[in-house]
Protein chains: 2
Amino acid sequence: MLQANADIDNSQALTERQQAVLDAVLRLLVEEGDNLTMTAVARRASCSKETLYKWFGDRDGLLTATVQWQASKVRVAAVDGRGLDLASLTASLERFASDWLKVISSDTSIALNRVAVSHAGSGKDNLGAVVLENGRFALAKRLKPVLEAGKKAGLLDFADAETAFRSFFGLVGRDVQIRLLLGDRLELTEAAIGGDAARATQQFLALFGAKTGPQGH
Amino acid sequence: MLQANADIDNSQALTERQQAVLDAVLRLLVEEGDNLTMTAVARRASCSKETLYKWFGDRDGLLTATVQWQASKVRVAAVDGRGLDLASLTASLERFASDWLKVISSDTSIALNRVAVSHAGSGKDNLGAVVLENGRFALAKRLKPVLEAGKKAGLLDFADAETAFRSFFGLVGRDVQIRLLLGDRLELTEAAIGGDAARATQQFLALFGAKTGPQGH
DNA sequence: TGCGAACCGTAACGTACGGTACGGCTTGCC
DNA sequence: GGCAAGCCGTACCGTACGTTACGGTTCGCA
């Protein structure tokens, strides 16, 4: 499911101490939202403000470093495109959906998306681009090969992988993300996520599965 | 498509002047995002800060009043459930999808959702609830009767209207809203919206259309 | 014409917070 | 041991902004 990655070096040479600081920022971001102060970060991380500014430049630098640090930690599992039969393709899609739902419903993801949305409205949309790149676009980059493999294997039928992915994205996410971002309670249990992933996968297959003779519903 | 509503009195007795002030807030919100100042509002609306505070209490009151004012202005058209045949049902769904896409891709909607998301992270989630109530939930409340009518007429087949609606929501919105909120450029032309609405509707019908004999693809 | 209410423009106040400076402490190295 | 570098804690500065206060003006009304 979720794994720390070592392949993509998105966190450029962070010391253990710096990582601890960024983890403190994450925790603080979950608790207090975007209105965290540098003094609060310093107090929580047991470091001085001078050190914060020396390491991360300014407040925005600290925030972007935090977003990148979190992005380097959480990553949806890659699935090899060797899923030739329908069963393994279905399993891969379900796992993608489940991982994705688990990520976007996590406290840290919600907090990070919130601060990124806030900053997107305030001029410099640095954070928004980073979140988008490590979220929606990273997912597409990982899922498309699977879709293409499914198409090659005659299991899927679509003209454009991008549009197929976007439909899958919509079927999985539906209104979950916007509701969570807007503060709607809606705790997703493990079981509910599994059910949603299976449902979304079945719907996607119903729309984009290759029609090889009549298959009962 | 879009209409001002007079039935639901969501705007509790606002004078013309107050509405003009809130319109100024909307414009300012689109231009500058959440970091608008009370002095900027006063200057733009050509009113004094004292008046702002007398009318709306404080900054949050002004913002909530603005959200409610906008919500009372823009509303997705209601469609009567008298759509008995497949053609009119399809047309209704397409119109809903088109209107919805038009709304969420508008500058004011993006700005309002951004500020609501920001405030949802900062304790009082007043704005988030209001936006959700007038956005996603209002849409559900209007669309569900149509879906139920379609089911009654034997055109649709689903167990729960809520889940059917959520699938429709996902198929229509896909990744559009989160991308726009995060600052991703992606201007939706009138034609693109129409195409997306038609595609989403066809996909929804493919998933939830009643299977009355073999209908080609 | 006189009066009071509402409102405009602006000045002023208090506070919160981003950013900087400085004294003291630990740590590794010569 | 002595020294330099890095860091902690804290005090400090400047500013931006929410909020309040006040004098001057317009407008409806008797």
Side-chain angles (χ1 to χ4, degrees), chain A residues 12-67 69 111 114-116 118-127, chain B residues 12-67 69 111 114-116 118-119 121-124 126-127:
Chain A
Q12 48 268 22
L14 290 175
T15 86
E16 292 266 350
R17 188 81 183 85
Q18 290 169 332
Q19 294 177 4
V21 169
L22 295 186
D23 280 330
V25 175
L26 276 177
R27 257 175 293 132
L28 219 45
L29 220 44
V30 169
E31 297 174 13
E32 307 197 8
D34 192 10
N35 51 359
L36 54 75
T37 67
M38 299 298 277
T39 63
V41 171
R43 188 162 40 228
R44 176 66 72 97
S46 294
C47 71
S48 74
K49 292 210 290 179
E50 186 183 19
T51 304
L52 290 182
Y53 283 100
K54 173 176 291 185
W55 283 348
F56 305 105
D58 58 355
R59 189 173 182 275
D60 273 359
L62 178 64
L63 256 37
T64 54
T66 303
V67 170
W69 166 237
R114 282 209 182 116
V115 53
S118 305
H119 279 237
S122 308
K124 60 198 81 120
D125 54 352
N126 209 352
L127 295 185
Chain B
Q12 50 268 22
L14 291 174
T15 84
E16 293 266 350
R17 188 80 182 87
Q18 290 169 332
Q19 295 178 2
V21 169
L22 295 184
D23 280 329
V25 175
L26 277 177
R27 257 175 292 133
L28 219 45
L29 220 45
V30 170
E31 296 173 14
E32 307 197 9
D34 193 9
N35 51 0
L36 54 73
T37 66
M38 299 297 277
T39 63
V41 170
R43 189 162 39 230
R44 176 66 72 95
S46 295
C47 71
S48 74
K49 295 209 278 181
E50 185 184 19
T51 303
L52 290 182
Y53 283 98
K54 171 177 295 186
W55 283 348
F56 304 105
D58 58 355
R59 190 173 182 275
D60 273 359
L62 178 64
L63 289 177
T64 53
T66 303
V67 169
W69 165 237
R114 281 206 183 119
V115 54
S118 305
H119 279 237
S122 308
K124 60 198 84 136
N126 209 352
L127 295 185

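Proteins come first, then strands; the chains are lettered A, B, ... in the order of their sequence lines, and each starts at number 1.
Between K49(B) and T39(B) there is a side-chain heavy-atom pair separated by less than 4.5 Å. Between V25(B) and W69(B), the closest side-chain pair of non-hydrogen atoms is not below 4.5 Å. Contact annotation: the side chain of D60(A) never approaches that of N126(A) to less than 4.5 Å [non-hydrogen atoms, C-beta and beyond]. The shortest distance between side-chain heavy atoms of T37(B) and E32(B) does not fall below 4.5 Å. F56(A) is listed as a side-chain neighbour of L22(A), based on a closest heavy-atom distance under 4.5 Å.
When heavy atoms are screened at a 4.0 angstrom cut-off, L62(A) is found touching no nucleic acid atom at all.
Salt bridge R44(B)/E31(B): present, at least one basic N to carboxylate O contact under 4.0 Å.
Distance CD/Q19(B) to OG1/T66(B): 12.0 Å, rounded to 0.5 Å. Summarising the geometry, atom CG belonging to L63(A) is positioned 6.0 Å from atom CG belonging to L29(A); distances are rounded to the nearest 0.5 Å.
A 4.0 Å heavy-atom criterion places the boundary nucleotides of DNA chain D facing chain B at dC17(D) to dC22(D), written 5' to 3'.
Scanning residues 41-60 of chain A for heavy-atom distances under 4.0 Å to DNA chain C yields K49(A), E50(A), Y53(A), D58(A), R59(A).
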